[in-house]
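Since the structure is predicted, the reported quantities are computational estimates derived from the model, not experimental observations. These values consider heavy atoms only, across backbone and side chains, with no hydrogens, waters or symmetry-generated copies. Order of the sequence lines fixes the chain letters, A, B, ..., with proteins taken first and strands second; residue numbering starts at 1 for each chain.
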Amino acid sequence: MSAASPDGGLEPLEAVGPAAEHCSYNPKLCRSVCPVAAATGRESATPWGINREIAAALRRGSVTEATAAAVYACTGCRACALPCQAGLDLPRQVRPARAAVLAAGRAPAGLAAEAGAAVAADPALQAGATPGAATVVYPGCRSEEGPALAALLAAAGCAYDVVAAATCCGARSVDIGDAAGGRAQADDLAERLAGAERVVVADPHCARWLGQDRGDPRVRDAVSWLAEQRDRLRLRGGPAPVLHDACWLDRGLGVHAAPRALLTAAGAAPAELAWGAGCTGGGMGYPAADPAGAEAVLADCVAALPAAPHGVVSACPVAVERLRRAGLAAVGVADWLAGRLAAGEPGAPSAE
Amino acid sequence: MRPMAAPMGGGSAAQASVRAELSELGVGVVSTEPAELAAHARDCWPLLAMRERAGEQLVEPLAVVWPRSVSEAGRLYAWASGRGVPVVPYGGGGGVVGGAAPVAGCVAVDTKLLRRIVALDETSGLVTAEAGLIGQQLEDWLAARGWTLGHFPASIGVSSIGGFAAARSAGQASTRYGKFEDLVRGLEAVLPDGTPLRLRARPASAAGPDLAGLLLGAEGTLGLITAMDLRVHPAPAARRPYAYRLPTFSAGLAALREVLQRGLRPAVLRLSDAGETAASHADAVGEQGGCLLVTVCEGWEALAALEQSALAERVHAHGGDDLGEGPAREWVAHRYDTGHRLADVLEPGGVLGDAAAVDTCEVAAPWRELPAVHEALRAALAAHMDVVLCHASHCYPDGAALYFTFAAAGDGDEAAAQQRYADAWAAVMQAALGAGATISHHHGVGRLRARWLAEELGAGGRTLLGQVKAALDPAGIANPGKLGLDGATGDAADGGAR
C-alpha cells in the first residue's frame, strides 16, 4: 500500500464532497436497509453518518480517527441505493475518503490482508484455454470456480483464453483506499487483455470495477454471459437452492434476472430474499476495520436466509466463503451449474 | 445481535472514566468513539442542522450506550439515577423537534441493539418487538407474513418503533389504522431509577389508569420503552387510490368530516389547501385550480370498493370533481419524499439559497375550529416565511390534523435565518393555542415546543405532569430539557441545545 503522507491531503475527497454534504442534510431514510447500521447499531455507520463525516473532514481540513471509523464501516453492498433519492453510490463516496485516511496514516490495522492478491488462472482453466481466443475468462483473485468454469465452457463449446500470469484487477486495493496501487494493478491487467474482444469476469466485484468504474466495454460478468449460453448446456433438473443475490452483481451491476434464469434452466426456481438482505459483511475491507461488526452482519444474513436444505447459491466468492464458514452449504453459481451438467457433458461431475 | 461488549473509543479523561465504569456495570455496548459521539449530536430537527451549517459546534454526549436487554437498560438507568448523569434516549434519530438532542454531560442510550421481533400472535393480531427496531424493518417482516402494522410515517425508513411510541407518531394511513399509541397494546420499559416495568397486552381494560399512556408521548422523560406489543392487521387485499379536485379548502374539510362521521375509515385522506395545490400539484388539478384531495381505500376488496363509492358520493356532494387514480398513485409513489425536499432547502447553496430556513408544523383541532385554525396559522407563518404549504390529513370523527410546510429563502445570513425560524415558530405556536388547536399532532414537543407545553396543558395539567415527573425521576436524569419539565424553555430561538 501507499506510504502515509505527512499532511494527509484531502484532494481525493473533494470530488465527493458535494454529495457528502447533501447526504448529511438528508434524514437517513436508507438506515433500515443498511446491514452494518442494523447489525452494530452504530449511527456513524449509516450512509448518513459516513457522508456527514466526509463533509466534516472537508470543513475542518483534516481526516481524524472519526473519519477512519466512519468511512471503513461500509461493505459496499449498495442496499442504500434503493431508498436514496439523491442517487448516491456509497462505494464511490468511501473509496476516495479511504484514500485520504490511508494517506494520513489513519487506516485500520490489518487492512493489507484485505487488498487484492495477484493470482494466476486456475490450472483447469489454463488446460482448456485456446491461446488467442477472442473471449478471455478472468476469474478474479477470490474465485475458486476455475474448474467449474472450464467444465461449463467446454460443455457450451466456447473457445476461450486466460491470463496466465499472476494478476489482480485492483478493485480490492481501491476499496481499501490504495487508489494508486489499485490503478497500477488494473493498468497491468488491461495491458494483458489488450487483444481480447470480450472479457468474461467471474467475480462480479471485479466485473463492476473493470466494466463500469474503469469503463471497459468488453467486460461481461460471468453470470450474465453463462445465462446467454444456457441453451447450449444440457442441465439436469433437481431441488431448488436458495439464491443469494451477490451485492456487486445485483445492485452493483443491476444483474437480477440472469442468475434466476440459470437456476430455472436447471429446473430450480430459487427462493427469494428481501432487498439488501444478503450482505455477509465481507466486502470492501470491512472485516479488517470492524471484525466483530462483520461477524454480526454475517449472523444477520444467515438469520434472514430461508431454510436451505439444498444449499445456497451465490455469485459472490466472498459470500460463499463466509456462508460456508457459518455452516451453510454454499456454492458459487458456476460450481452449482457445473454440478447440474447432464451426464456425458464434458467435465460433468459423476454424481451430485 | 452484535457479540461485542468491549468498550470502544478514546477521548477525554471524563469519557474514559465513564466508559470504564459503564463497561464494568454491564450495561451493553459502550462507546466514546468520536464518530459515534458526533453522530449522536443531533436528530432531524432542522434547527440543529442549521446550527451545524452555520459552523456551530453541537453538544455531544459523553458516551453512547447500546443496551441489549431490559436488564442492561435497567442497570444503566439505576447508575445514572444514582450518579445524577442525564440519559438521553436515541432511536433512529428521525425526530424533528430535538427530542433526542443531547445535553452537556449526558449519556446517549441508543436503543438500536434492542431489535428482536419476539413473537407474532396471528390469532390475536399482535406482534411483540423490541423498541430499537426500525419501522420499515418491522413492516417488511410483517409484510412477508401477510400482516401490516399500518404505520407509514415519512420517517419509516429511519425511525425506531420506540421513537414512534415516545413521540406518539402518526403514519399516513392513520385515519384507518390509528396513531401509534392506538397500536400499542402492551409495553416493557425501564423507569428512571432502573425499575423494570411490564404491562402486558390487553385489548381493553378498566383495571385502573392507563399506565402505558404515561410513557407514550413522554419522549423518554419518564423512562425508556424497551419493547412493545403492537396491534397488527392482515395486509390489505385491495388498495384503491383515487383523487379529486375540491373547489375550496372549506368544502373539502366539510366532505372529510362527513366521510368520517358516517363511519368510513379510508387509509388516506389528504386535502391540500389552494396554496399547496398550486405550488405542488398544479398539474393534477389543471387550470381550474382548487384543492387536491388524495384518497386511498384499502382492505377487503368488497369493503374497499364500497368505501370508495361512499366516499366519492360525499366528495361530489361538496362540489368535488373526479381526477382519477393518477394523482393519487403519484402521491403514493412519492409519499416519503418530504425529508429529501427539506434537505434540498437546508443544504448550503440549496434551492432557496444559502442559509435558508425550513421546517414543518403539525397541529390538530376539532372540525368546528379547523377552518379558523387553518387561516390563523397560515397567516402567522406567512408573516415570517416565504413559502407556506398546508394540507389536512389524519382525520377523525371529531377533527383532523393540519400539516404546514414552511421555508424562508436565504441570503447567506445564518443568524437572520435562525431568527426568522424562531419568529415563525413563536407566531405559529401562539396562533395554534389562540385558535384552539393542540400544538402538536404527531411530531412531539422535544426542545422545539417545550416553552408552549405549559399553556397547552393548562395549570392543572402542568402540575400533574410535573408531579409525575418528580415522583418517577427525582434525580431529573431522564431526557432533561424536553417537554419543559425541568424548567428549561429550550425553543426555536435558543434551544438549549448549544
Side-chain angles (χ1 to χ4, degrees), chain A residues 18 21-34 36-46 48-50 52-53 55-56 59-60 64-73 80 82-86 272-277 290-297 299-300 303-304 306, chain B residues 1-4 6 8-10 29 31 33-40 44 46 49 52-53 55 64 66 68 90 92-94 96 108 110-115 132 134-137 139-141 144 154-159 334 336-350:
Chain A
E21 182 86 39
H22 179 79
C23 178
S24 72
Y25 287 94
N26 265 315
K28 31 188 167 178
L29 293 178
C30 53
R31 137 90 55 57
S32 68
V33 296
C34 174
V36 177
T40 65
R42 287 177 54 190
E43 203 62 19
S44 65
T46 58
W48 171 86
I50 292 169
R52 185 167 183 260
E53 185 48 43
R59 276 198 296 275
R60 66 176 170 255
T64 63
E65 180 190 339
T67 320
V71 302
Y72 280 94
C80 53
L82 184 67
C84 182
Q85 295 178 14
E272 295 285 342
L273 292 179
W275 171 270
D290 183 3
E295 288 306 299
V297 173
D300 276 1
Chain B
M1 198 150 291
R2 188 178 196 187
M4 182 182 70
M8 302 182 287
V29 179
S31 176
E33 278 185 0
E36 280 308 314
L37 303 182
H40 285 82
C44 288
E52 198 165 56
R53 185 183 66 192
V64 181
W66 290 262
R68 295 162 298 191
Y90 196 104
V96 291
D110 190 313
T111 59
K112 288 194 289 292
L113 289 184
L114 292 165
R115 62 190 183 110
I134 303 302
Q136 187 68 58
Q137 292 168 343
E139 187 60 34
D140 288 345
W141 189 90
S155 66
I156 188 170
V158 54
S159 294
H334 296 284
Y336 299 143
D337 290 3
T338 307
H340 289 274
R341 284 201 294 266
L342 296 184
D344 288 342
V345 176
L346 272 176
E347 68 177 332

To the nearest 0.5 Å, how far apart are NZ in A:Lys28 and OG in B:Ser155?
-> 11.5 Å
Select one option (side chain, backbone, both, neither) describing which atoms of A:Ala38 are under 4.5 Å from chain B's heavy atoms.
-> both
Pairwise side-chain contact, A:Leu29 with B:His340, heavy-atom cut-off 4.5 Å (strictly under) = yes
Examine distances only and state if a side-chain atom of B:Arg53 and a backbone atom of A:Tyr25 form a donor-acceptor pair shorter than 3.5 Å.
-> no
Taking every heavy atom of B:Ala343 against every heavy atom of A:Asn26, the minimum-distance pair comes out as CB-OD1, 3.0 Å
Give a yes or no answer on whether the side chain of A:Arg31 reaches the backbone of B:Ile134 with a donor-acceptor pair at less than 3.5 Å.
-> no
Most heavy-atom pairs under 4.5 angstrom with chain A, which of B:Gln137, B:Glu347, B:Gln136?
-> B:Glu347
If you measure from CD on B:Glu52 to CZ on A:Arg52, what distance do you get to the nearest 0.5 Å?
-> 4.0 Å
Sort B:Ala144 into side chain, backbone, both or neither according to what part of it lies under 4.5 angstrom from a heavy atom of chain A.
-> neither
At their closest point, which heavy atom of B:Ala39 faces which heavy atom of A:Ser44, and how far apart are they?
-> CB-N, 3.8 Å
Any side-chain heavy-atom pair of A:Thr40 and B:Lys112 under 4.5 Å = no
For B:His40 and A:Glu43, does a side-chain donor sit closer than 3.5 Å to a side-chain acceptor?
-> no
Go through B:Asp110, B:Asp337, B:Val345, B:Leu342 and name the one with the most non-hydrogen pairs under 4.5 angstrom from chain A.
-> B:Asp337
